[in-house]
4 protein chains.
Amino acid sequence: MRLFGEHGYRGTTITKIEAAAGLTPGAGGIYHHFKSKDAVLAAGIERHLARLAALRDIRRILTPLGDLHAELTLTARYILAELDHEAELLGFLAAEARNRPHLLADAIEQLVKTTFTGFAVFIADRSDPPLDANNAEAIAAVGLGSLFSSRLLTQVLGVQTPVDDDRLIATWVEMMANTMQAGTTA
Amino acid sequence: MRLFGEHGYRGTTITKIEAAAGLTPGAGGIYHHFKSKDAVLAAGIERHLARLAALRDIRRILTPLGDLHAELTLTARYILAELDHEAELLGFLAAEARNRPHLLADAIEQLVKTTFTGFAVFIADRSDPPLDANNAEAIAAVGLGSLFSSRLLTQVLGVQTPVDDDRLIATWVEMMANTMQAGTTA
Amino acid sequence: MRLFGEHGYRGTTITKIEAAAGLTPGAGGIYHHFKSKDAVLAAGIERHLARLAALRDIRRILTPLGDLHAELTLTARYILAELDHEAELLGFLAAEARNRPHLLADAIEQLVKTTFTGFAVFIADRSDPPLDANNAEAIAAVGLGSLFSSRLLTQVLGVQTPVDDDRLIATWVEMMANTMQAGTTA
Amino acid sequence: MRLFGEHGYRGTTITKIEAAAGLTPGAGGIYHHFKSKDAVLAAGIERHLARLAALRDIRRILTPLGDLHAELTLTARYILAELDHEAELLGFLAAEARNRPHLLADAIEQLVKTTFTGFAVFIADRSDPPLDANNAEAIAAVGLGSLFSSRLLTQVLGVQTPVDDDRLIATWVEMMANTMQAGTTA
DNA sequence: AATGAATGAGATTTCATTCAT
DNA sequence: TATGAATGAAATCTCATTCAT
């Protein structure tokens, strides 16, 4: 998966995979373990998905601490950490999402959608006054977008953001908390 | 560039490019116009960069209208429109950023950094009370991130976001305005 | 087709074909002329079939000469000559008929069936007294079988028959004429 | 031998043979029983040859019954039955005769020549008036050819003959008897 | 400027065979 | 005797690039 993440599907040759796995390069040794190059990738994605599934429900870490700022900070840190942990998968998704949708649709679903929904529910619940689902969804989109973006820019596009994590998180928490407490959106 | 954006560098064969350009596929006709496949790509990127350069300074559209909400709405629309317009380039960047950094480093700089800096200056100036550069930068990062993310997710990862543009922009404007007027950050 | 006839489908490597065609062996040059190895074979078979089609109707050479012996001798010579001419195709058919029925079904039809039917009609017509279609068919099967066999044994199985063509034909003509004139079959 | 007959030499992989033999496919288990793939085939052919050797002399079934028609019918049935019984070997011979003559030359000799010689002797003896060896040989070639052909066409080329066995044999017996009793050949 | 044709390099995959366990 | 694992060799096919016309 490291190779796939770094060089994309085509760029990751069977020969390189074999070399990286300690097999004689070019001897076709992986074919005793996987049916095809596609199958190697599928197995790699599967492994990542299994891990993601274990952490599927973001709400598990969104337990009320009584302090909204603390909760938001924790959430932000958690999401960034997760994205970092799945950097390989993310890089690969970015490079190949349009080429191999069949393999990746599920991976993307899990990486993005559940997080999004979970966060929207959290926002609706913890806002004061409580927000309707529509507004909560929109706020979740804006909020998560900021965090995703931070990693997509660096990990996918290779841009170095001029704001470090601590500052980003602090600002983000402030903005989210403001929004959830003022609670007035269109 | 459409081909490069859709299929990546390796996936875009010289033969396909020739076919798309009205030359006989496989006859090597492009080599009368470009020195190599790399040169075709470089020229394509160049063209996009030229266009971006013309729009380089986001501040040109951030002229004070007197109404912060209106200004922010305009800004958001403009940025999303720009990202849509450069979808091909964006797609290609995502797929190949790690493979061909030499060609793309500049493109990315221009696409992201200038927008970012310009927006940060706008935020610093229009906040009430005025913010220092540090805080403005962090807010710009969060704000722009949301917008970038919206396009990166759909165009690069192929995820369909459950919030449409109008709602996203409205919410985003609200949050940004709140932040810029309350002005209290860590 | 010579190569396919001699070494079968798998035994005829693209590399050998290229070498035989004056291309650099192993450089994939045929792929500018044929889509795949299968297509090379298909084109070869097509060419043979076109030739067979031109000679499709054996009855054209079975014109009445007034002399049954002469007619039969001519027929035998003609059929053996045809089989010799299509030796490559025949060899290939024998080697691959069970592996690649899709490509070869037509070829076999033309090589065998039309000859068979045409000959049966001739027998029915020229027998004295005339024979019904059933009997004529059976005699055609026995008669053509002898001739086919002579070539199948040598060309396909590599057996050298101890009887030369002239003697074989003379005997065959005698037996056929006997049968067609005595005319009593079960 | 079933595999070799169905898929040819190259098409029959060691892996398939192992699977069919109840060994773990791909583990190389046959190499404890045979030195090489060639040796597996050689042993298979050997076994068939042993069987053929037992039946080597067609004359054993050509014992005079006093009734020529009956004797010929029996002979025809016997030969067709033998060819059916050795269908696997026959199929393999057709597919590989030109590729692996070293392994098969003997097999073919035995399958064809002894039958041929035996039958020629029978014809010479039982004809009335007795025929010289030359004529008998030619008649044997024509006669056996019809029977061989019937099986070669169906088993090797996959052609369905429009004449069933009973009718074929009846006609064949008639023609052979006619010839052996009229006895006038060129 | 365009094309038909070719080619070196390299990609994925298959397979007979070997070998330590 | 059987197996998991590996490997050299080779097969089909792709592709960027060149070149004479």
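Within every chain, numbering begins at 1; the chains are lettered A, B, ... in the order of the sequence lines, protein sequences first and strands thereafter. The model shown is predicted, which means the values in this text are computed figures rather than measured ones.
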J.: What's the spacing between C/Thr12 OG1 and C/Met1 CE if we round to 0.5 Å?
T.: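 Rounded to the nearest 0.5 Å, the OG1-CE separation comes out at 9.5 Å.
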J.: Going by heavy atoms closer than 4.0 Å, what residues in residues 13-24 of chain B are next to DNA chain E?
T.: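 Output list: B/Leu23, B/Thr24.
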J.: Below 4.0 Å from chain B heavy atoms, what is the first contacting nucleotide of DNA chain E and what is the last?
T.: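 Answer, 5' to 3': E/dA1 to E/dA5.
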J.: Between CZ of B/Phe4 and NZ of B/Lys37, what distance do you get to the nearest 0.5 Å?
T.: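 Here the rounded value is 6.0 Å.
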J.: Could you tell me the separation between the NE2 atom of D/His7 and the CZ atom of C/Arg10, rounded to the nearest 0.5 Å?
T.: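 If I round to the nearest 0.5 Å, the distance is 9.5 Å.
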J.: Check whether any side-chain nitrogen or oxygen of C/Arg10 sits under 4.0 Å from OP1 or OP2 of F/dA10, and answer yes or no.
T.: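 For F/dA10, neither OP1 nor OP2 has a side-chain N or O of C/Arg10 closer than 4.0 Å.
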J.: Taking only Watson-Crick and G-U wobble pairs with both distances under 3.5 Å, what dot-bracket line describes DNA chain E, where [ ] shows pairs that cross earlier ones and | shows pairs with another strand?
T.: .||||||||||||||||||||
J.: Just how far is it from atom CD of A/Glu88 to atom NE2 of A/His85, taken to the nearest 0.5 Å?
T.: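 Those atoms lie 9.0 Å apart.
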J.: Write down the atom of C/Gln155, the atom of C/Leu90, and the distance for their closest heavy-atom approach.
T.: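 Taking every non-hydrogen atom into account, OE1-CD2, 3.3 Å.
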J.: Do you know the tightest heavy-atom contact between A/Ala97 and B/Val156?
T.: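 Taking every non-hydrogen atom into account, CB-O, 3.3 Å.
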J.: Under 3.5 Å, side-chain donor or acceptor atoms of residues 13-25 of chain B against the rest of the protein: list the pairs with distances, not counting sequence neighbours.
T.:
unit_1  : atom_1 : unit_2  : atom_2 : d
B/Thr13 : OG1    : B/Lys16 : N      : 3.1
B/Lys16 : NZ     : B/Gly11 : O      : 2.9
B/Glu18 : OE1    : B/Gly26 : N      : 2.8
B/Glu18 : OE1    : B/Ala27 : N      : 3.4
B/Glu18 : OE1    : B/Gly28 : N      : 3.4
B/Glu18 : OE2    : B/Gly28 : N      : 2.8
B/Glu18 : OE2    : B/Gly29 : N      : 2.6
B/Glu18 : OE2    : B/Ile30 : N      : 3.4

J.: Could you state the interatomic distance from CZ (D/Phe148) to CG (C/Leu157), rounded to the nearest 0.5 Å?
T.: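 Between D/Phe148 CZ and C/Leu157 CG, I get 9.0 Å after rounding to 0.5 Å.
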J.: Indicate every side-chain donor-acceptor pair of residues 38-49 of chain B with a distance under 3.5 Å to a residue at least two apart or in another chain.
T.:
unit_1  : atom_1 : unit_2  : atom_2 : d
B/Asp38 : OD1    : B/Tyr9  : OH     : 2.6
B/His48 : ND1    : B/Glu86 : OE1    : 2.5

J.: Would you jot down, in residue-number order, the residues of residues 29-43 of chain A having a non-hydrogen atom under 4.0 Å from DNA chain E?
T.: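 Within residues 29-43 of chain A, the residues near DNA chain E are A/Tyr31, A/Ser36, A/Lys37.
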J.: Taking the side chain as C-beta and beyond, is there a heavy-atom pair between D/Gln160 and D/Thr154 under 4.5 Å?
T.: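 D/Gln160 does not reach D/Thr154 side chain to side chain.
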